Structure formats: C-alpha cells, structure tokens
Protein chains: 2
Amino acid sequence: MKKEIDNKLNSKNIKPTAMRELVLQVLIEQKTAISLPQLEHKFEKVDKATLYRTLKTFEKNKLIHSIDDGSGTVKYALCQDTCECMPEELHVHFLCTKCNQTLCLNDFPIPSISLPNNFSLESVNMVVKGVCSNCKK
Amino acid sequence: MKKEIDNKLNSKNIKPTAMRELVLQVLIEQKTAISLPQLEHKFEKVDKATLYRTLKTFEKNKLIHSIDDGSGTVKYALCQDTCECMPEELHVHFLCTKCNQTLCLNDFPIPSISLPNNFSLESVNMVVKGVCSNCKK
DNA sequence: ATTGTTGATGCAACCGGGTTGCAAAGTTAC
DNA sequence: GTAACTTTGCAACCCGGTTGCATCAACAAT
Ligand SMILES: [Mn+2]
Ligand SMILES: [Mn+2]
Ligand SMILES: [Zn+2]
Ligand SMILES: [Zn+2]
C-alpha cells in the first residue's frame with residue numbers, strides 16, 4: 001500500500017511526505033475526478049492551502065491533470081501511468097448532470113478539428129454533459 | 001441605430017430599457033466575446049448587478065450565449081440571428097493565448113462524439129486554445 | 001552532535017467573479 | 001391618480017482560488 005504510493009510519487013519525482021501520501025491515497029481510491037473543496041471534505045482537519053499546493057505539485061509533475069468541466073470548480077484526476085500530458089493524449093471528459101460527477105473518458109480521444117486560416121492550435125478542452133451509465137438505470 | 005437595437009430586443013421579447021440598449025450596443029460593436037468584468041470597464045459608472053441581470057436576461061431570451069473558455073470568467077457573445085441555442089447548433093470557441101480574446105467559430109460545428117455504452121449526451125463544450133490570425137503575423 | 005539550508009506545512013488574509021436581498025425608482029394597467 | 005409589477009442601484013455576501021509569512025521537518029555540511 002504505502003509502498004506503492006511512495007513508488008508512484010518517486011516515479012514522478014515528488015518527495016513522499018505524509019500529506020502527499022494521504023492525498024494520493026484518496027486520489028487512487030477515487031474513481032471520479034475530485035475538486036479541491038471536495039478533497040477538503042475527505043479529511044476532518046486539513047489546510048486548504050497545503051492541499052492546494054499538493055495538487056499543484058502533483059499536476060506540475062504529471063501525476064494528475066486538471067479538468068475544467070465548466071462546473072465552476074476545477075477537478076483533478078490521476079493521469080494514466082504512461083501519460084506525458086501531451087496534446088495528442090488529451091481525452092474527453094464527461095460531466096453527469098444527475099450525479100454531478102466528472103470522469104475521464106480515457107478511451108475517447110478528442111476528435112481533431114480544423115480551424116480557420118492562420119489559426120494555430122495548442123490544446124483543446126472538450127467536455128460532454130449528459131447522464132452517466134450509473135444514473136441511467 | 002437605436003431603432004435596430006430596439007428591434008433586436010423586441011424580437012427576443014426583451015423590453016428595451018436604456019440600460020439594455022446600452023449593453024446591446026456594446027455587444028454589437030464587440031467582435032469578440034466579452035465577460036461581465038470586461039463589460040463593466042466599458043462604462044464609467046455602472047452597477048455590476050444590473051449588468052449581471054441584463055446579461056442573464058439576454059441569455060435566457062437567446063439574444064446571447066455564454067462561453068466558458070476556461071479562463072475563469074464566463075464570456076458572452078451575440079447569438080446568430082437564427083439561433084435557438086439547440087445542441088445541434090453548438091459551435092467551437094477559440095481562445096487566443098496571445099491576445100487573450102475569445103471568439104465564436106460559428107462556421108465550425110462541434111464534431112459529433114461517441115460515448116461509452118449507456119451514456120447519454122445532452123451538450124458539449126469544446127474550446128480550442130491557440131494563436132489567432134491577428135496575433136499570427 | 002551542531003549548525004545551516006532547503007523545502008513543506010499551517011494559518012490567516014486577500015482577491016475576484018459571481019450572486020442575492022432589499023429598497024428606491026420607473027413603468028404599466030386600471 | 002393609484003395599485004401592481006418590473007427594473008435598477010447599492011451593499012453585502014459566497015466561494016474557489018491564491019499568496020505572504022512564520023514555523024517546522026528533512027537533510028547536508030561541518
Ligand atoms: Mn482526464
Ligand atoms: Mn459562440
Ligand atoms: Zn451520473
Ligand atoms: Zn490573438
């Protein structure tokens with residue numbers, strides 16, 4: 001358990017502190033993307049700023065990626081092991097309007113798009129809203 | 001001028017008040033999407049809440065649509081005359097990383113996307129970041 | 001072991017966009 | 001004119017995100 005977590009941190013060149021281990025633990029158990037405020041609720045006593053900086057560190061080191069699903073709060077999810085967060089590996093995100101959960105559709109790459117003349121593309125954010133399979137039945 | 005503006009308001013069932021005429025005027029002159037804070041700066045003395053409610057009214061009546069480009073502030077742009085804001089008529093939005101302006105790519109419909117089994121689709125937001133033609137030369 | 005350096009943490013305060021309650025002013029209907 | 005309704009202005013609030021600063025823990029050099 002702790003071994004795996006520390007390995008994961010080390011593999012991304014993140015020094016494994018107690019706080020970071022706890023946060024990564026939560027992120028691993030979490031099957032949907034989670035926001036900073038939501039993450040705060042996962043601990044009974046925790047400092048927002050520390051969590052914030054932990055997430056920023058994780059993101060910078062490509063352990064997690066941030067997701068702007070238009071809900072007003074940025075969410076975070078673990079990157080795939082192989083992920084380098086390059087534009088090619090961007091995937092679609094899904095926001096369920098029933099359960100309000102956000103998930104990575106890792107198997108659904110963002111379709112390529114054409115742009116007007118003289119526009120150049122750097123990145124694309126694509127968020128689909130709808131009802132997830134859990135809420136469907 | 002004022003005639004056209006009032007016509008536009010009336011055609012969307014919006015009572016043409018002085019404030020609304022002013023705001024619509026700005027929106028028409030504006031070739032890129034504009035946020036509430038930006039809109040505030042367009043007037044020397046104006047109440048944020050009034051602008052806010054004006055935009056909400058415009059949006060509800062499909063005179064404008066809101067754009068979440070991930071910049072942290074929602075932007076607004078005029079709808080096409082014929083627009084009913086249906087999912088089919090959604091278009092891609094472009095955020096220029098140089099000039100920071102957001103624009104509607106009205107001629108670029110959002111590509112259709114497949115979803116996992118038992119997921120249903122309600123709407124899609126697609127924002128492309130890059131460099132616009134103005135900033136390119 | 002002692003010291004100095006670096007990075008992580010905790011706390012508090014701040015910022016900015018968005019939103020709401022409420023009273024005053026304006027508009028419309030009778 | 002009066003009553004009912006709508007719009008406006010002002011103030012206050014909410015909340016996610018961010019920063020400054022002091023303290024603490026880890027670690028390296030001596
Ligand atoms: Mn994802
Ligand atoms: Mn648009
Ligand atoms: Zn759901
Ligand atoms: Zn530009």
Side-chain angles (χ1 to χ4, degrees), chain A residues 2 5-6 9-10 12-27 33-61 63-77 95 100-102 125 127, chain B residues 2 5-6 9-10 12-26 33-61 63-77 95 100-102 127:
Chain A
K2 177 168 181 309
I5 291 193
D6 283 4
L9 289 172
N10 284 321
K12 299 285 185 176
N13 295 308
I14 302 167
K15 204 191 299 181
T17 67
M19 194 70 238
R20 288 167 181 173
E21 287 166 351
L22 287 172
V23 173
L24 180 51
Q25 178 76 51
V26 171
L27 289 172
I34 189 172
S35 68
L36 172 53
Q38 287 169 340
L39 194 52
E40 275 186 83
H41 293 310
K42 293 269 176 181
F43 303 90
E44 33 187 273
K45 187 182 177 308
V46 74
D47 176 52
K48 192 173 51 156
T50 304
L51 280 183
Y52 171 77
R53 287 188 272 235
T54 300
L55 290 174
K56 285 291 181 189
T57 301
F58 284 7
E59 186 183 15
K60 180 153 55 72
N61 293 45
L63 176 56
I64 64 178
H65 61 278
S66 65
I67 306 166
D68 186 341
D69 61 8
S71 67
T73 77
V74 177
K75 301 204 175 87
Y76 299 88
L95 171 58
N100 217 40
Q101 303 217 315
T102 300
N125 182 30
V127 177
Chain B
K2 176 167 182 309
I5 292 195
D6 284 5
L9 289 172
N10 284 320
K12 300 283 184 175
N13 295 308
I14 302 167
K15 204 189 303 178
T17 67
M19 193 71 238
R20 288 167 180 173
E21 287 165 351
L22 286 173
V23 173
L24 180 50
Q25 178 75 52
V26 171
I34 188 171
S35 68
L36 171 53
Q38 287 169 341
L39 194 52
E40 277 186 82
H41 293 310
K42 294 268 176 181
F43 303 90
E44 34 187 272
K45 186 181 178 308
V46 75
D47 176 51
K48 191 172 55 156
T50 304
L51 280 183
Y52 171 77
R53 287 187 272 235
T54 300
L55 289 173
K56 285 290 181 191
T57 301
F58 284 6
E59 187 182 15
K60 180 153 56 71
N61 293 47
L63 176 56
I64 63 178
H65 61 280
S66 64
I67 306 166
D68 186 342
D69 61 8
S71 67
T73 77
V74 178
K75 301 204 175 88
Y76 299 88
L95 170 59
N100 218 39
Q101 303 216 316
T102 301
V127 177

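Below, read A as the first sequence line, B as the second, and so on, with proteins coming before strands; counting in each chain starts at 1. Just so it is clear, the structure is predicted and the values come from calculations on it, not from any experiment.
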Exercise. Could you tell me whether a side-chain N or O of Asn61(A) sits under 3.5 Å from a main-chain N or O of Leu63(A), the two making a donor and an acceptor?
Key: no
Self-check item: Helix axis bend for the helix from dA1(C)-dT30(D) to dC30(C)-dG1(D) - C1'-based end axes, five pairs, 10° rounding
Solution: 10°
Self-check item: Exercise: identify the closest heavy-atom pair between Val26(B) and Phe43(B)
Solution: CG2-CZ, 3.8 Å
Exercise. Taking the side chain as every heavy atom from C-beta outward, state whether Val46(B) and Leu22(B) have any atom pair closer than 4.5 Å.
Key: no
Quiz item: Does Leu55(A) reach the side chain of Leu39(A), with side-chain heavy atoms less than 4.5 Å apart?
Solution: yes
Quiz item: At under 4.0 Å between heavy atoms, what does Thr50(B) touch on the DNA or RNA strands: base, sugar-phosphate, or nothing?
Solution: base
Quiz item: Nearest-Å distance, CE (Met19(B)) to P (dC10(D))?
Solution: 12 Å
Quiz prompt | Min side-chain heavy-atom separation Phe58(A)-Arg20(A) under 4.5 Å | solution = yes
Quiz prompt | 4.5 Å side-chain heavy-atom contact, Leu51(B) and Val23(B) | solution = yes
Quiz item: For Leu22(B) and dT7(D), what is the distance between atoms CG and P respectively, to the nearest whole Å?
Solution: 16 Å
Self-check item: Heavy-atom check, side chain of Ile34(A) versus side chain of Lys42(A), under 4.5 Å
Solution: yes
Practice problem: Could you check if a side-chain atom of Leu95(A) sits within less than 4.5 angstrom of a side-chain atom of Asn100(A), using non-hydrogen atoms only? | Solution: yes
Practice problem: Write down the distance between CG (Leu51(B)) and P (dG9(D)), rounded to a whole number of angstrom. | Solution: 9 Å
Exercise. Let me know the distance between CG of Asp47(A) and C1' of dG10(C), rounded to the nearest Å.
Key: 5 Å
Quiz item: Just by protein heavy atoms under 4.0 Å, how would nucleotides 13-28 of chain D read 5' to 3' in B, S and -?
Solution: ---SBBBB--------
Quiz item: How many Å lie between CG on Asn13(B) and P on dT7(D), as a whole number?
Solution: 12 Å
Self-check item: Interatomic distance, Glu21(B) CD vs dT7(D) C1' [rounded to whole Å]
Solution: 14 Å
Self-check item: Between P of dG17(C) and CG of Leu39(B), the distance in whole Å
Solution: 13 Å
Exercise. For Ile14(B) and dT6(D), give me the distance from atom CD1 to atom P, rounded to whole Å.
Key: 16 Å
Quiz item: Listed by chain and number, what are the side-chain hydrogen bond (donor to acceptor under 3.5 Å, both in side chains) partners of Asp47(B), not counting sequence neighbours?
Solution: Thr50(B)
